[in-house]
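All figures in this text were calculated on a predicted structure; none of them were measured in a lab. These values consider heavy atoms only, across backbone and side chains, with no hydrogens, waters or symmetry-generated copies.
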Number of protein chains: 2
Amino acid sequence: MRSMVRQAHHKKESHARLTGGRVSESTVRRLSLYYRGLSTFEREGYKTISSKDLAKEGRLTPAQVRKDLSFFGSFGTRGLGYPVKELKEKIARILGLNRTWNVALVGVGNVGSALVSYKEFPKQGFNIKLLFDNDQRKINKNHKGIQVFDVKDLASKLKEHKIDLVILAVPASAAQAVTDDVVSAGVKSILNFAPTHIKVPDDVTLRSVNMAMELEHLSFSLVNKGYPLKF
Amino acid sequence: MRSMVRQAHHKKESHARLTGGRVSESTVRRLSLYYRGLSTFEREGYKTISSKDLAKEGRLTPAQVRKDLSFFGSFGTRGLGYPVKELKEKIARILGLNRTWNVALVGVGNVGSALVSYKEFPKQGFNIKLLFDNDQRKINKNHKGIQVFDVKDLASKLKEHKIDLVILAVPASAAQAVTDDVVSAGVKSILNFAPTHIKVPDDVTLRSVNMAMELEHLSFSLVNKGYPLKF
DNA sequence: TTAATATTGTGAAATTGTTCACAAGTTTGA
DNA sequence: TCAAACTTGTGAACAATTTCACAATATTAA
């Protein structure tokens with residue numbers, strides 16, 4: 001920290017590195033928000049942006065924006081703000097969006113099909129390369145240009161195609177078994193849409209999207225409206 | 001909450017009431033988790049359950065389970081644990097799952113169609129009553145048994161059918177305009193699937209499911225693996 | 001050049017959330 | 001009945017996160 005001022009002209013180490021790399025989950029989530037905000041500002045022709053304006057994009061405070069960014073380095077200029085294009089690129093690099101990832105999707109049902117068509121994924125470098133299902137009527141056919149394989153061959157195909165990331169869109173009852181196969185193939189990142197709790201080893205990152213849980217949150221708010229809840 | 005008051009004769013008022021009703025977002029999320037865990041335990045025939053066993057269902061500590069529940073009252077018996085059936089019902093009431101909600105869904109595209117077929121929703125009392133789209137080929141047709149209306153009539157139809165909750169599955173570019181209509185119809189809860197930031201008044205609860213954001217989180221973990229991240 | 005204004009980066013303070021530790025109450029078995 | 005074993009509910013300690021507040025620095029205008 002001490003070196004921040006002195007080294008103003010040199011490339012300096014990030015706070016994240018200096019402090020042992022502890023970045024909170026919330027900070028990462030907000031980084032995604034900043035990324036989207038910066039994309040908008042860039043499109044609108046802004047060259048620089050202040051933490052104040054960036055904060056408006058979410059419901060955040062300028063101090064929080066600055067604190068978050070300071071974990072990764074000091075990207076701004078006092079009196080002026082942050083350079084939109086460069087900050088966007090920095091965040092892209094931090095989030096791993098400056099490259100492509102090989103993605104496989106298991107379960108070509110309703111949710112799975114919707115995800116295959118979801119245009120945000122390829123836009124951000126997430127390319128769905130393989131599909132898997134256990135339904136013989138779907139196996140070995142093409143689904144929107146991507147071949148569907150038998151889920152029995154999951155582990156071998158994941159390795160063969162160097163898949164980085166697997167999306168699970170299978171029924172809750174099948175989720176753990178499929179996950180175990182995915183883990184055995186050495187994949188370290190899983191996005192789960194099955195409405196159930198899944199166990200993975202510590203070195204595997206799992207994120208779950210549970211739409212029923214989101215609705216429950218809303219219904220809680222409806223039932224408890226009038227109370228001064230903090231969210 | 002109303003039932004809490006009634007019980008005040010023999011049981012203490014809930015912490016939530018005593019402390020002014022401040023329940024954190026994380027607590028609500030964990031309540032959903034407990035609910036699912038309790039459903040499992042009930043199915044397996046358990047009559048009572050300890051905070052220890054309930055904690056295993058998520059990756060939580062027994063103390064946290066007890067603290068969370070204590071916000072709403074004291075439901076357990078020392079030495080024995082919590083009565084599975086009753087606790088499940090209590091949480092259902094807290095989360096508003098002991099009743100049904102009228103839901104409308106705007107945007108019958110890929111994501112919207114998948115959501116219409118999502119079986120968890122009706123299971124938990126979320127009944128999709130109306131669909132809306134701006135595509136003339138879809139309007140006035142049935143989609144999986146539910147009629148599709150013109151999004152132009154959104155506000156009037158929402159009021160007419162006493163819709164509690166709206167799910168947005170429209171493109172990012174349309175999200176804010178549709179939201180403004182929804183808000184003008186007096187709906188207080190919105191679940192947004194459009195990958196964009198939406199502004200709502202303070203008395204409207206908005207939750208967003210952003211699948212690209214979840215993938216970004218995973219790619220961050222992939223890029224930064226090796227760092228001692230805390231999540 | 002100077003003054004007024006803007007804005008970052010960051011310790012410190014405040015707030016919020018989690019875990020600990022144990023008194024109090026319940027059950028079980030002898 | 002009693003003692004041993006459990007388990008809740010909760011104040012207090014601890015940890016994490018957010019906000020505050022301001023020195024440092026850049027920009028703008030005269």
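- Looking at residues two or more places apart in sequence or on another chain, you find a ring pair (Phe, Tyr, Trp, His ring centres under 6.0 Å) between B/Phe121 and B/Tyr118.
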Between N or O atoms, less than 3.5 Å apart, protein on one side and nucleotides 23-27 of chain C on the other: list the pairs.
| residue | atom | partner | partner atom | Å |
| --- | --- | --- | --- | --- |
| C/dA24 | O4' | B/Arg78 | NH1 | 3.4 |
| C/dA24 | N3 | B/Arg78 | NH1 | 3.2 |
| C/dG25 | N2 | B/Gly79 | N | 3.0 |
| C/dT26 | O4' | B/Arg78 | O | 2.7 |

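- Between A/Gln64 and D/dT19, a side-chain N or O to OP1/OP2 separation shorter than 4.0 Å is present.
- Listed in residue order, the members of residues 45-62 of chain A having a heavy atom less than 4.0 Å from DNA chain C are A/Ser50, A/Ser51.
- Within the structure, salt bridge (charged side-chain N to carboxylate O under 4.0 Å, His left out) contacts touching residues 166-177 of chain A (residues at least two apart or in different chains) do not occur.
- Residue pairs that meet the salt bridge (charged side-chain N to carboxylate O under 4.0 Å, His left out) test with at least one member in residues 55-64 of chain B, sequence neighbours left out, are B/Asp53-B/Lys56.
- Residues forming a side chain to side chain contact (heavy atoms under 4.5 Å, CB included) with A/Arg99 (at least two apart in sequence, or on another chain): A/Trp101, A/Asp164.
- Side chain of B/Arg30, nearest nucleotide from C/dA21, C/dT18, C/dT10: C/dT18.
- The nucleotide whose nearest atom lies closest to any side-chain atom of A/Arg66 is, among D/dT8, C/dG9, D/dG11, C/dG9.
- In terms of the side chain to side chain contact (heavy atoms under 4.5 Å, CB included) criterion, residue partners of A/Thr61 (sequence neighbours excluded) are, by chain and number, A/Ala63, A/Gln64.
- Relative to the side chain of B/Ser74, the nucleotides D/dC22, C/dT18, D/dG9 differ in distance, and D/dG9 lies closest.
- Regarding A/Phe71, its CZ atom lies at a distance of 11 Å from the P atom of C/dT10, rounded to whole Å.
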Secondary structure string for DNA chain C (Watson-Crick or G-U under 3.5 angstrom, | for other-strand pairs): ||||||||||||||||||||||||||||||
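- B/Leu222 and A/Leu165 get closest at one heavy-atom pair: CD1-CD1, 4.1 Å.
- Following rounding to the nearest Å, B/Lys67 (NZ) and D/dC14 (P) show an atom-to-atom distance of 15 Å.
- In this structure, A/Tyr82 reaches the C/dG9 phosphate: one of its side-chain N or O atoms is under 4.0 Å from OP1 or OP2.
- More than 12 heavy atoms of other residues, nucleotides or ligands sit less than 6.0 Å from atom CZ of A/Phe75.
- Taking atom CG on B/Leu87 and atom P on D/dG9, their separation rounds to 10 Å, with Å as the unit.
- Atom P of nucleotide C/dG9 and atom CZ of A/Phe72 are separated by 14 Å, given to the nearest angstrom.
- Listed by chain and number, the residues in a side chain to side chain contact (heavy atoms under 4.5 Å, CB included) with A/Lys85 are A/Glu42, A/Glu89 (sequence neighbours excluded).
- Distance B/Asp68 CG to C/dT16 P: 17 Å, rounded to the nearest Å.
- By the side chain to side chain donor-acceptor pair (under 3.5 Å) test, A/Ser208 is found to be paired with A/Asn192, residues two or more places apart in sequence or in another chain being considered.
- Partners of B/Asn98 by side chain to side chain contact (heavy atoms under 4.5 Å, CB included), not counting sequence neighbours, listed by chain and number: B/Arg93.
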Could you tabulate the donor-acceptor pairs under 3.5 Å formed by side-chain atoms of residues 168-181 of chain A, not counting sequence neighbours?
| residue | atom | partner | partner atom | Å |
| --- | --- | --- | --- | --- |
| A/Gln176 | OE1 | A/Lys199 | N | 2.9 |
| A/Gln176 | NE2 | A/Asp180 | OD1 | 2.9 |
| A/Gln176 | NE2 | A/Lys199 | O | 3.1 |
| A/Thr179 | OG1 | A/Ala175 | O | 2.7 |

